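Worksheet: the structure to be examined is printed underneath.
Numbers restart at 1 for each chain; the letters A, B, ... are given by sequence-line order, proteins then strands. These numbers were taken from a predicted model, which means no experiment stands behind them.
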Number of protein chains: 2
Amino acid sequence: MALHVKHLSGDKRRAITVETVIELAAEQNPNDITTAAIANRMGLSQGALFKHFPNKDAILSAVMEWVSKRLLSRVDKAVQSIASPTAALEAMFMAHVSFVAEHPGVPRMLFGELQHASDTAPKRMAQTLISHYRERIHKFIEAGKAEGELYSGLDNDAAVSLFVGSIQGLVMQSLLAGDVKKLAQEAPRVFNIYLRGIRSA
Amino acid sequence: MALHVKHLSGDKRRAITVETVIELAAEQNPNDITTAAIANRMGLSQGALFKHFPNKDAILSAVMEWVSKRLLSRVDKAVQSIASPTAALEAMFMAHVSFVAEHPGVPRMLFGELQHASDTAPKRMAQTLISHYRERIHKFIEAGKAEGELYSGLDNDAAVSLFVGSIQGLVMQSLLAGDVKKLAQEAPRVFNIYLRGIRSA
DNA sequence: CAAAAGTAAGTGAATGGTTACTTACTTTAT
DNA sequence: ATAAAGTAAGTAACCATTCACTTACTTTTG
């Protein structure tokens with residue numbers, strides 16, 4: 001019928017909830033996104049959220065699952081059918097940056113979750129996402145070395161850290177400037193320096 | 001008489017408060033450090049804090065001021081009497097990393113403040129700290145170019161971003177590992193890659 | 001020089017606002 | 001008609017801030 005906005009199916013509602021949280025995280029401190037704010041943005045009452053999620057942590061977990069799936073499938077897609085490891089790293093970098101530009105709330109939520117002392121479910125999910133992400137970079141760096149594209153004396157772990165950090169640096173700068181558009185402009189220039197640091201001769 | 005712990009002078013109390021907050025920020029999400037937690041760690045009642053600070057924001061502002069002074073003076077000291085711009089960059093990098101290793105709560109608080117939507121006093125202080133920090137790197141990169149130590153085609157802004165990001169990456173990894181000691185080990189290896197990315201020939 | 005007055009620092013118990021979550025009841029869709 | 005989805009009005013916990021009062025030390029004054 002599509003006319004009624006109320007009484008959506010649970011699956012749809014859960015999906016909308018996740019997108020709403022990510023939207024809100026782009027605008028405010030993820031740590032103080034309230035269930036009231038989420039419900040309000042969705043045009044629902046606060047209590048309605050708890051028909052779909054048992055508690056707030058479950059909402060955040062759903063967000064983390066969404067982020068994990070989308071980010072990893074995005075970078076995986078960007079990388080497939082690219083033969084050269086360094087080209088793959090570049091494609092991965094750009095895919096990640098454009099994902100962040102589309103969803104600025106994502107890195108903020110990730111970092112926000114990692115800050116927690118106790119290991120909550122969403123925190124663990126953030127940790128595994130990042131570890132999966134790092135694994136992918138690791139593979140490309142090893143392959144790049146094997147093919148002679150990368151400096152043979154390169155420290156693999158450090159190279160992975162710097163890859164992740166270079167994106168962090170861009171995110172932080174866009175956080176400071178409050179401007180997401182600059183991300184796309186600066187990204188290739190930062191990657192060029194990184195590439196220069198890891199490639200052979 | 002030095003025996004009494006109670007009734008310290010206001011200045012001392014304020015200094016202890018700042019250190020306590022940074023200590024707490026190393027252990028838990030800076031966003032939910034409560035005035036009760038601060039007071040409790042100091043062996044004071046909650047109300048006593050407000051004899052020294054008008055409100056919680058003033059406490060956070062004091063923390064940011066502490067961080068700004070200490071971090072900038074630390075890197076400035078590390079750099080003085082170093083002629084070569086690249087050597088200065090390295091010294092600055094290492095000084096920053098060792099500062100963070102000593103005070104793991106600091107980067108967490110900084111990032112936490114930057115996350116806020118409204119611009120509170122402590123947020124503005126975090127912003128100016130970072131902008132001062134970036135200026136210093138900028139100068140060395142320009143000097144490095146002038147002296148031919150750095151790649152002439154280098155994008156200055158990108159190089160600054162990557163410098164900051166490389167530290168961010170290290171911090172994030174130590175956040176994941178929950179291990180601050182690895183910072184000092186990994187730092188030189190990450191900097192080597194960075195240096196390779198910006199230096200000439 | 002000591003008692004009185006003053007002051008900064010401390011306590012502990014309100015206070016009011018906010019938040020996650022619950023409950024009792026109503027609406028909608030199949 | 002019944003189960004899922006929604007509402008509105010709770011509740012208990014928590015948090016920053018305030019307040020009335022006490023304690024430790026300093027300054028003033030008879």
Side-chain angles (χ1 to χ4, degrees), chain A residues 1-21 24-25 27-63 109 112-113 116-118 120-123, chain B residues 1-21 24-25 27-63 109 112-113 116-118 120-123:
Chain A
M1 285 301 189
L3 261 180
H4 295 97
V5 178
K6 298 197 172 182
H7 286 87
L8 282 183
S9 84
D11 280 345
K12 267 261 186 284
R13 212 34 121 191
R14 274 193 293 274
I16 292 178
T17 306
V18 166
E19 286 159 29
T20 302
V21 171
L24 286 170
E27 300 165 18
Q28 63 182 269
N29 189 339
N31 291 287
D32 39 54
I33 292 176
T34 65
T35 53
I38 301 167
N40 190 52
R41 176 72 62 105
M42 295 169 74
L44 281 184
S45 70
Q46 193 179 8
L49 278 183
F50 292 89
K51 296 283 166 163
H52 303 287
F53 299 91
N55 49 47
K56 195 187 180 186
D57 241 39
I59 298 178
L60 298 180
S61 289
V63 170
M109 291 220 56
E113 286 306 323
H116 286 103
S118 56
T120 62
K123 181 183 178 180
Chain B
M1 283 304 197
L3 262 179
H4 295 97
V5 179
K6 298 196 174 181
H7 285 90
L8 281 185
S9 84
D11 280 345
K12 267 259 186 287
R13 213 32 123 192
R14 274 192 292 274
I16 293 178
T17 307
V18 166
E19 285 158 30
T20 302
V21 171
L24 286 170
E27 300 166 17
Q28 62 181 271
N29 189 338
N31 291 288
D32 40 53
I33 293 175
T34 64
T35 54
I38 301 168
N40 190 54
R41 175 72 62 105
M42 294 169 74
L44 279 186
S45 70
Q46 199 176 359
L49 279 182
F50 293 88
K51 297 285 172 176
H52 303 287
F53 298 92
N55 50 46
K56 195 186 180 186
D57 241 39
I59 298 178
L60 299 180
S61 289
V63 171
M109 290 219 56
E113 285 306 323
H116 286 102
S118 56
T120 62
K123 181 182 179 181

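In this structure the side chain of B:Thr17 never reaches within 4.5 angstrom of the side chain of B:His52, judged on heavy atoms.
When the C1' atom of C:dG10 is taken as reference, atom CD1 of B:Ile16 falls 14 Å away, rounded to whole Å. C:dG10 atom P lies 13 Å from atom NZ of B:Lys12, rounded to whole Å. Atom CG in A:Asp32 sits about 10 Å away from atom P in C:dA20, given to the nearest Å.
Here B:Thr34 lies in heavy-atom contact (under 4.0 Å) with sugar-phosphate atoms only. Looking at heavy-atom distances under 4.0 Å, B:Lys51 makes contact with a base.
Rounded to the nearest 0.5 angstrom, B:Met109 CE and B:Leu24 CG are separated by 9.5 Å. Distance OG1/B:Thr20 to CZ/B:Arg41: 7.5 Å, rounded to 0.5 Å. A:Arg14 CZ to A:Lys51 NZ: the interatomic distance, rounded to the nearest 0.5 Å, is 14.0 Å.
For B:Val21 against B:Ile38, the heavy-atom pair with the smallest separation is CG2-CD1, 3.7 Å.
Between the axis at the start and the axis at the end of the helix from C:dC1-D:dG30 to C:dT30-D:dA1 there is an angle of 10°, using five pairs per end and rounding to 10 degrees.
Comparing C:dT28, D:dT7, D:dT17 against the side chain of A:His7 picks out C:dT28 as the nearest. Among the nucleotides C:dA29, C:dG10, C:dA24, the one closest to any side-chain atom of B:His52 is C:dG10. Checking C:dA20, C:dG10, D:dA16 against every side-chain atom of A:Gln46, the shortest atom distance belongs to C:dA20.
Nearer to the 5' terminus of DNA chain C, by closest-nucleotide assignment, is the contact made by B:Asp11 (compared with the other of A:Lys56 and B:Asp11).
A close approach under 4.0 Å does occur between a side-chain nitrogen or oxygen of A:Arg13 and OP1 or OP2 of D:dG6. The phosphate of C:dA20 has OP1 or OP2 within less than 4.0 Å of a side-chain N or O from A:Thr35.
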